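Note sheet for the following structure.
Keep in mind that this is a model prediction, so the values were computed, not measured. Just so you know, these numbers use all the heavy atoms, side chains as well, and skip hydrogens, waters and symmetry mates. Every chain is numbered from 1 and lettered A, B, ... according to where its sequence line falls, protein lines coming before strand lines.
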4 protein chains.
Amino acid sequence: MTALSAAPASRLMQGSEAIAEAMIGAGCRFFAGYPMTPFTEVLEHMARKLAEVGGVCMNAESELEAVGMAWGAAATGTLAATGSTGQGLSLMQESLAEITLARLPLVVLNMSRGQGDYFQATRGGGHGDYRHIVLAPKDAAEAVELVGLAFELTVKWRNPVLVMGDYYLAHTARSVAIPAPVTHTLPSWALDGSSGGTGSAKLISFLGTQKQRSDVGYDLADHYTDCAKSTAAMAAGVDPLVESMGTDDAEVVVVAFGTPAKYVHSAVRQLRSEGAAVGYVRPVTLFPFPTEAVATAAAGAKAVAVYENNQGQMIDDVRLAVLGAAPVHFIGRLSIDSSGFGIAPDLDVEVIRDRIASVLDAAAGGT
Amino acid sequence: MTALSAAPASRLMQGSEAIAEAMIGAGCRFFAGYPMTPFTEVLEHMARKLAEVGGVCMNAESELEAVGMAWGAAATGTLAATGSTGQGLSLMQESLAEITLARLPLVVLNMSRGQGDYFQATRGGGHGDYRHIVLAPKDAAEAVELVGLAFELTVKWRNPVLVMGDYYLAHTARSVAIPAPVTHTLPSWALDGSSGGTGSAKLISFLGTQKQRSDVGYDLADHYTDCAKSTAAMAAGVDPLVESMGTDDAEVVVVAFGTPAKYVHSAVRQLRSEGAAVGYVRPVTLFPFPTEAVATAAAGAKAVAVYENNQGQMIDDVRLAVLGAAPVHFIGRLSIDSSGFGIAPDLDVEVIRDRIASVLDAAAGGT
Amino acid sequence: MTALSAAPASRLMQGSEAIAEAMIGAGCRFFAGYPMTPFTEVLEHMARKLAEVGGVCMNAESELEAVGMAWGAAATGTLAATGSTGQGLSLMQESLAEITLARLPLVVLNMSRGQGDYFQATRGGGHGDYRHIVLAPKDAAEAVELVGLAFELTVKWRNPVLVMGDYYLAHTARSVAIPAPVTHTLPSWALDGSSGGTGSAKLISFLGTQKQRSDVGYDLADHYTDCAKSTAAMAAGVDPLVESMGTDDAEVVVVAFGTPAKYVHSAVRQLRSEGAAVGYVRPVTLFPFPTEAVATAAAGAKAVAVYENNQGQMIDDVRLAVLGAAPVHFIGRLSIDSSGFGIAPDLDVEVIRDRIASVLDAAAGGT
Amino acid sequence: MTALSAAPASRLMQGSEAIAEAMIGAGCRFFAGYPMTPFTEVLEHMARKLAEVGGVCMNAESELEAVGMAWGAAATGTLAATGSTGQGLSLMQESLAEITLARLPLVVLNMSRGQGDYFQATRGGGHGDYRHIVLAPKDAAEAVELVGLAFELTVKWRNPVLVMGDYYLAHTARSVAIPAPVTHTLPSWALDGSSGGTGSAKLISFLGTQKQRSDVGYDLADHYTDCAKSTAAMAAGVDPLVESMGTDDAEVVVVAFGTPAKYVHSAVRQLRSEGAAVGYVRPVTLFPFPTEAVATAAAGAKAVAVYENNQGQMIDDVRLAVLGAAPVHFIGRLSIDSSGFGIAPDLDVEVIRDRIASVLDAAAGGT
């Protein structure tokens, strides 16, 4: 679906701008949000740029309104996105669940504060037994790639795709190559006044009252069963992505995601340069989780360490991958700065390095 | 804009179905709502029928979601409508105000309980000094006409138009002629991924944070000034509509609107057939209010009587029209049945007739 | 209910602080809001000060949450308040309507941007044919008095009371006397775990589903009838308040409310010092509107002029008072500055003076 | 805290009534909710009964309003509860997260449709890295016990406690013993107008804007750190509860929760009576999950089977307990009936029995 041009232009830009450019390049023509740092920065870029290509950017009065707008736009066949920080996503949970059950494409940004929204993102914070595809870039350059992928996947699976960012991602500038704009063929969910409607039209229409559904012979049990099958197919069909380093001979494998993983990567590199048998795995897709890759990486290790900027959430998925083959230690810590924007104090390579070293020592001692 | 076919088909249908047919005939291709009697009936019809013409009907999880959806759809250039009862409209006030300030076309149904929402409808229940055009049909046949007019006006003035209905309107069946479908040329607010965008794209985009606006040289004061001018032009430019009877020689003129006006009309007819000098005026547009027509009707009268199914709201507009030329008496009464759906008990032609007769007597005595 | 101490302390403070002090002094022990300029300033003062007297101040995540919190707190028998700017109040309309129908005491601040919310405030922007008592102070000192009165009235009438302020009121410092704290006897709506419940408990409980109500023999029609009676009694029982100057011999009477009225007052004073026959009336209660006082003031005048910082809303109430006895001219203008916070440019005494002078000239010419 | 009377009265009642009685007996004096089957039934009982003991039951206009009300009431020191089905809880996620971070006691019912809300309940569907204590009764009698426990725990840990029920629980009648009412000493979060306030008053007040917090030297990082410590203490301090049968000698252990577990229990009993080596474990607390008990039960087994009425959510927690010691098979199925109320078709003891038998066969074959 995405045909990248031979030589995309490169430009120094902050993550928030890069994400906006990538969304527009991927064909996004509707964006709605309510300002909340560090999501605001993306919204501002979209407000400036979307109009230039004939798209619509709505500055909503609340996250509830924003997600409603995005839902409405998506239902008309427009490639749409919305987002917020974790708080705003909490307010959107009912709508996000229903959009998933309505099987509409939508990209959702969580420009989060800290990493406390992992469970919300990967388990679906709402009702209804759905899952979102979740992508967690480490920097602006990867964000551009993953935003492109997000739009591909959301259209392919007709299921919302979450992209997780944070303050660091939004504010750190890098030289970023923006892919040439995708030329979209309007996908099958698109509805307009001239067409005769499709199965999808029905689908959206009759997620309604029982009377409405029985009037048209639409059975909610069937619908939910279809949704379940689709979720299972998606969980199996989306390629899990990882980045890893030095896991072959590692005695300790460290797992981290998102921007904090860059600090973990540095710490691991330092330790390895000093001869330590430490490896590194970064899940890039959080759902589907790269269970096999993490299990393989941990295969010969004496211990696994998980770094997250929260009280321990992804560690569940790591444990589910390792399944007792090695002990899994939490070396992260909830680290919110006093502004509530998160992250600063403990994203210190030295601190992380020391924590990994402790796990290495214990693992060596345990031999 | 609306070209009626030579011989539209006629069919017996309830008001709720007639409204749905009329909306679709007028080109509405997006409808969103949350079930609440007597609005539910319209929603159910739309769910069944909109899909047949390729449109989208969304059964939202709340009125907030519904209005957000409709806003999002309207912003993509889709001819959209939403609605509820008065309660639901209360929840939509922030969005309805902002949609008006964003100058988007949208038709909003208030299938109300009683007539207690007159102020909300005609003064704008939200912030921002806006007005909606308000149309109040008396029955299913007129509803079809006014729904068609509502879509014309909302596109022409890029301002939401409210259509007021109620339980009686929704549930009473009449033979109704459905006009042939309008073939729309997509109006100028329409935005799609291929177009270069218009002034309206900008308008929608930059109703945002101050920073966003100053980035693009967009001034909120200018925008609100434009909105104010547009509102004034609309208030002056929309033809006020009335129905009246026997006002030329009337000593007492009775004013009423919506379905209760049919009962008032019957009572007035009875009294006139008995020789009473009583006239009748029914505002069909509630905003702009037919001030002149009401003033003219009241010109030679000794008294004016206002019947509303509330504690007295339209009476303000009647007094503003009559301006002291004759005393204005309230003969209505808040009449909610125990179900909360409203209306039944006091919409009794005899009761209304007696109240009018009392005003007649007093007026005669006053001579 | 309020026993002022003999010699209240005076202190220089901004309006926002004065309002906070007055609320606490009046016995308010619960406050909830979501930050939005110029309401934020009041919220910050409450956050600091309410805890000192054992009260609770909640920084909500949205205005919907804020009004829900305040409603819940009020229902437990706590003297509560909430507020926002006009936008936030729009979002609260459903809850504000329902709180009124539940007959709970609540004080609501509208620290508005401009004066575009007059209709929303005085007509009730929500459903259900209710009214709020509305008080509009001109400065910090009067705000203190009226906030005290607001709490008295809300408890007395068990009906929400709105206090209208704005950016000027919030930010202009004056020497203000804070009345000594009121010692409250908990009023009859108060409910606690030990009491046997009261009629009010029932009232709050059974505003529910039809089944719930019929289970306890509670009839919604009766309830709404009671509400209507209560509204009528309140409209008749609350003393309308005005400030006026020189209306006895005035050829032109100027009407204005809130902080802009101070500028109008200055302009009128200047004109009078130059010998012009101009008077001034300021409605202090916007609902009930001081209809009689305005009518009396306008009695001998050749013209009435209305200054509002909007497109003309209060002018309806002025016309309803004057009822054709003199022409009523609008000399206001919507005047929002580019920040959206409102007011600055045209609150210029000279401009206002010129507009009044024009009306004077026309009135003189008309003789 | 709870002193049960010697001989509590027993009475046949449906689960919804039993839950209501138990809440009132446990001291709950505030309840707010928006009707949604099968939560409506509890709301109706509360509406009838809470008023009798002087409490307040609010029939909210939406789940957002309901949770706001409950939050406001809880903040005033009232023992409060709210609830809904999964959909409504989705809409409450932002507030539920913030209430947890504000460390207020609140009991929340999820009268769910199916069991698709396990992740939402146990991982916290909102932002902020919090957890709720989650209790899942199997029937009305146990619901009474667990509702009592929920109020104890919410006050002890100042953390919301979720009670999971469903349509079966709500509608199935059993003879239930209602414990004598608890006499509460108002706990320390209680605030009233006469007290001098406590640390908790501050806590609630200054979860606000950064400026508000810095004004009072309140650091959000400290607060979140405290919350994290409290969550960890709670996770460690609350006794996990299980019901189990025949796990000592089991080759296959079946895990299930809530009302479906009763069907699983029957199937296991049947199989055991026929000599099959099958055991049964039912987590009663879903968070903290009875990890140790499940691990112990699975210790000697050749396989573990998990039955859930969803696509597999608790199975993660079972796998995290078993940690590879035995294969864990999913034998549940999403089973929503066409009404959307869930559950009926597949809660068939024979079907469940067959599925367990298949796992037994496979396990035996694997020997």
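For D/Leu91, the parts lying near chain A are the backbone and the side chain together; criterion is any non-hydrogen pair under 4.5 Å. Contacts between A/Leu320 and chain D at a heavy-atom distance below 4.5 Å involve backbone atoms as well as side-chain atoms. There is no contact between A/Leu96 and chain D, counting heavy-atom distances below 4.5 Å. With a 4.5 Å cut-off on non-hydrogen atoms, D/Gln311 touches chain A through its backbone and its side chain both.
Per-residue heavy-atom pair counts under 4.5 Å with chain D were compared for A/Gln120, A/Gln115, A/Gln87, and the maximum is reached by A/Gln87. Considering only heavy-atom pairs separated by less than 4.5 Å from chain D, the leading option among A/Glu63, A/Arg319, A/Met92, A/Gln93 is A/Gln93. Between chain D and the residues A/Ala97, A/Ala232, A/Gly125, the most heavy-atom pairs under 4.5 angstrom are made by A/Gly125. Of the listed residues (D/Ala228, D/Gly324, D/Gly86), the greatest number of heavy-atom pairs within a distance under 4.5 Å of chain A belongs to D/Ala228.
Side-chain contact, A/Asp166 with A/Thr259: a donor N or O sits under 3.5 Å from an acceptor N or O. Side-chain contact, D/Glu94 with D/His127: no donor N or O sits under 3.5 Å from an acceptor N or O. Counted by atom type alone, A/Thr100 and A/His132 present one or more donor-acceptor pairs between their side chains at under 3.5 Å.
For the pair A/Val108/A/Leu89, a side-chain contact is recorded, criterion being any heavy-atom separation below 4.5 Å from C-beta on.
Aromatic pair A/Tyr307/A/Phe330: centroids not less than 6.0 angstrom apart.
Applying the salt bridge (Lys or Arg N to Asp or Glu O under 4.0 Å) test to residues at least two apart or on different chains, the pairs with a partner in residues 114-123 of chain A are A/Arg123-A/Asp317, A/Arg123-D/Asp316.
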